[in-house]
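Working notes, beginning with the structure itself.
Because only heavy atoms are used, hydrogens play no part in the values below, and waters and symmetry mates are left out as well, while side chains stay in. Predicted model only: the values in this text are computed from it and were never measured.
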Amino acid sequence: MYRRVWIGILLAVVLLFQASWGQAQIYVPKIGETLQYKVIVKSVIHGADQSVSVVSRETYRNRDAVRIRSQMTTVGMVQSLYSYSEFEEALLDADGLYPLWIKRKIHEKGSVETEEVTFDYHRGIAVRVVTENDGPAERTEIKLPGHVYHGLSLQYYLRKKATDPRPGKLYFYSNGKIKEVTYKASSGKGTLTLESGTFSDYIQLMSDDITVVIADNTEKYPLIIRKMAKFGKVEARLVSVSR
């Protein structure tokens, strides 16, 4: 009898631990969250300011989706040498955080380019429409190998995956092309000091295209994002968080 009681208690403890551990893994974008970044060019130059916001939760083509908005504008020396601004909105699947639709508008040295991509995973096709300076639209179809991620959606997807130490693979979309990339996770070493605070616990998720340093806490804020931009390799550093 006592043996059955102890086995029952042990099973209850194990199930409770598994339940709490599973809840700790769940990341859901919070409506109203805005992350402000200072974009550093060539490791030292404050080249741009960027904000990334979770705007709303809505239904898109019968799918539960989250609308994300990002704005970036060059400042200072970089602005005078290379005027650039970018506005993007994306609808992400609320569960998988992969893009269902994205639209980007880029102002670069007096020209304007608009890119709109609709992802139809059921048909395995993405439709991309690009216009330059209000000229004729160029429409192309892109075969989808599966769910894909891009620069903006990848930040949110990796916040969800940050607690999984295993290497992973995903399909990365950028400028009309898709390629398979591998990323790996590692625990941060040393103290990381930013304008948004000092962090001793963080996780690095690295691929060939992008590196995201994520705070190892409940919110999983992306502290640093390293990637290539049109004006060179950049590092976005988190300045502040508002909700």
inquiry  = Going by the rule side chain to side chain contact (heavy atoms under 4.5 Å, CB included), which residues pair with Thr182 if we only count those two or more places apart in sequence or in a different chain?
reply    = Lys169
remark   = Rounded to the nearest 0.5 Å, the NZ atom of Lys109 sits from the CG atom of Leu81 at a distance of 9.5 Å
task = Can you tell me which residue pairs pass the salt bridge (Lys or Arg N to Asp or Glu O under 4.0 Å) test with a partner in residues 182-198, sequence neighbours excluded?
result = Lys38-Glu195
request  = Go through the steps for Tyr37 and Ile225 under the test side chain to side chain contact (heavy atoms under 4.5 Å, CB included), then give the verdict.
outcome  = CA-CA 9 Å; Tyr37 289 93; Ile225 302 165; 3.9 Å; yes
ask   = At their closest point, which heavy atom of Ser51 faces which heavy atom of Thr34, and how far apart are they?
value = CB-CG2, 4.4 Å
message = Treating Ser200 as the side-chain partner and Thr191 as the backbone partner, does any N or O pair qualify as donor plus acceptor under 3.5 Å?
response = no
Which residues share a side chain to side chain donor-acceptor pair (under 3.5 Å) with Glu33, sequence neighbours left out = Arg159
Donor-acceptor pairs under 3.5 Å, side chain of residues 234-243 to any protein atom, not counting sequence neighbours: which ones?
unit_1 : atom_1 : unit_2 : atom_2 : d
Glu235 : OE1    : Arg226 : NE     : 2.6
Glu235 : OE2    : Arg237 : NE     : 2.7
Glu235 : OE2    : Arg237 : NH2    : 3.2

task = Can you measure from OH (Tyr27) to OG1 (Thr218) and round to the nearest 0.5 angstrom?
result = 12.5 Å
query = Looking at OG1 of Thr211 and CG of Leu158, how far apart are the two atoms once the value is rounded to the nearest 0.5 Å?
reply = 10.0 Å
key: Thr73 versus Ser85, side-chain donor and acceptor atoms under 3.5 Å   = no
query = Is a side-chain donor or acceptor of Thr59 paired with a backbone partner of Asn62 at a separation under 3.5 angstrom?
reply = no
request  = State plainly whether one hydrophobic cluster holds both Tyr60 and Phe119, where clusters connect Ile, Leu, Val, Met, Phe, Trp and Tyr through side-chain heavy atoms under 4.5 angstrom apart.
outcome  = yes
Which pairs would a plain distance check flag for residues 64-72, meaning a side-chain donor or acceptor within less than 3.5 Å of a matching protein atom at least two apart in sequence or in another chain?
unit_1 : atom_1 : unit_2 : atom_2 : d
Asp64  : OD1    : Arg57  : NE     : 3.3
Asp64  : OD2    : Arg57  : NE     : 3.1
Asp64  : OD2    : Arg57  : NH2    : 2.7
Arg67  : NE     : Glu58  : OE1    : 3.1
Arg67  : NH1    : Glu89  : OE1    : 2.9
Arg67  : NH2    : Glu58  : OE2    : 2.9
Arg69  : NE     : Glu89  : OE2    : 2.6
Arg69  : NH2    : Glu89  : OE2    : 2.5
Ser70  : OG     : Gln50  : NE2    : 3.1

task = Look up atom NZ in Lys179 and atom OH in Tyr171, then write down how far apart they are to the nearest 0.5 Å.
result = 14.0 Å
message = Distance alone, cut at 3.5 Å: any donor-acceptor contact between the side chains of Gln155 and His150?
response = no
Heavy atoms of other groups near Asp134 CG, more than 12 under 6.0 Å = no
key: side chain to side chain contact (heavy atoms under 4.5 Å, CB included) involving Asp201 - partner list, sequence neighbours excluded   = Asp216
request  = Group every Ile, Leu, Val, Met, Phe, Trp and Tyr by side-chain heavy-atom contacts under 4.5 Å, then state whether Leu97 and Leu170 land in the same group.
outcome  = yes
ask   = Tyr157: what forms a ring-ring contact (aromatic ring centres under 6.0 Å, His included) with it, not counting sequence neighbours?
value = Tyr149
request  = Could you list who else is in Ile125's hydrophobic cluster, with ILVMFWY side chains joined at under 4.5 Å, directly or through other members?
outcome  = Val127, Val129
query = Quick one: do Val78 and Phe87 end up in the same hydrophobic cluster if we chain Ile, Leu, Val, Met, Phe, Trp and Tyr together by side-chain heavy atoms under 4.5 Å apart?
reply = no
key: Gap separating the CG atom of Asp93 from the OG atom of Ser153, nearest 0.5 angstrom   = 11.0 Å
key: For the student: nearest non-hydrogen atoms of Ile40 and His46, plus distance   = CD1-CA, 4.0 Å
query = Are Val55 and Leu35 connected in a single hydrophobic cluster, I mean Ile/Leu/Val/Met/Phe/Trp/Tyr linked by side-chain heavy atoms less than 4.5 Å apart?
reply = no
Pairs where residues 188-226 contributes a residue and the test ring pair (Phe, Tyr, Trp, His ring centres under 6.0 Å) is met, not counting sequence neighbours = none
query = Taking only residues at least two apart or on different chains, which pairs with a member in residues 114-128 satisfy side chain to side chain donor-acceptor pair (under 3.5 Å)?
reply = Trp101-Glu116, Arg104-Glu115, Glu115-Arg128, Glu115-Tyr173, Arg128-Tyr173
key: Spacing of CG belonging to Leu223 relative to CG belonging to Leu192, to within rounding of 0.5 Å   = 6.0 Å
Contact summary for Ile210 and Gly151, nearest pair of heavy atoms = CD1-O, 4.3 Å
Sequence neighbours left out, cut at 3.5 Å: what donor-acceptor pairs do the side chains of residues 138-148 make with other protein atoms?
unit_1 : atom_1 : unit_2 : atom_2 : d
His147 : NE2    : Tyr98  : OH     : 3.4

inquiry  = I'd like to know if Asp95 and Arg63 make a salt bridge, using a cut-off of under 4.0 Å between side-chain N and carboxylate O.
reply    = no
inquiry  = For Ser111, is there any backbone N or O sitting under 3.5 Å from a side-chain donor or acceptor partner on Asn133?
reply    = no
ask   = How far apart are the closest heavy atoms of Ser207 and Tyr183, and which atoms are they?
value = CB-CB, 4.0 Å
For the student: nearest non-hydrogen atoms of Ala90 and Ile102, plus distance = CB-CG2, 3.7 Å
query = Are Val41 and Tyr82 connected in the hydrophobic side-chain network, where two residues link if heavy atoms are under 4.5 Å apart?
reply = yes
request  = Would you please name every residue forming a side chain to side chain contact (heavy atoms under 4.5 Å, CB included) with Ser186, sequence neighbours left out?
outcome  = Gln204, Met206
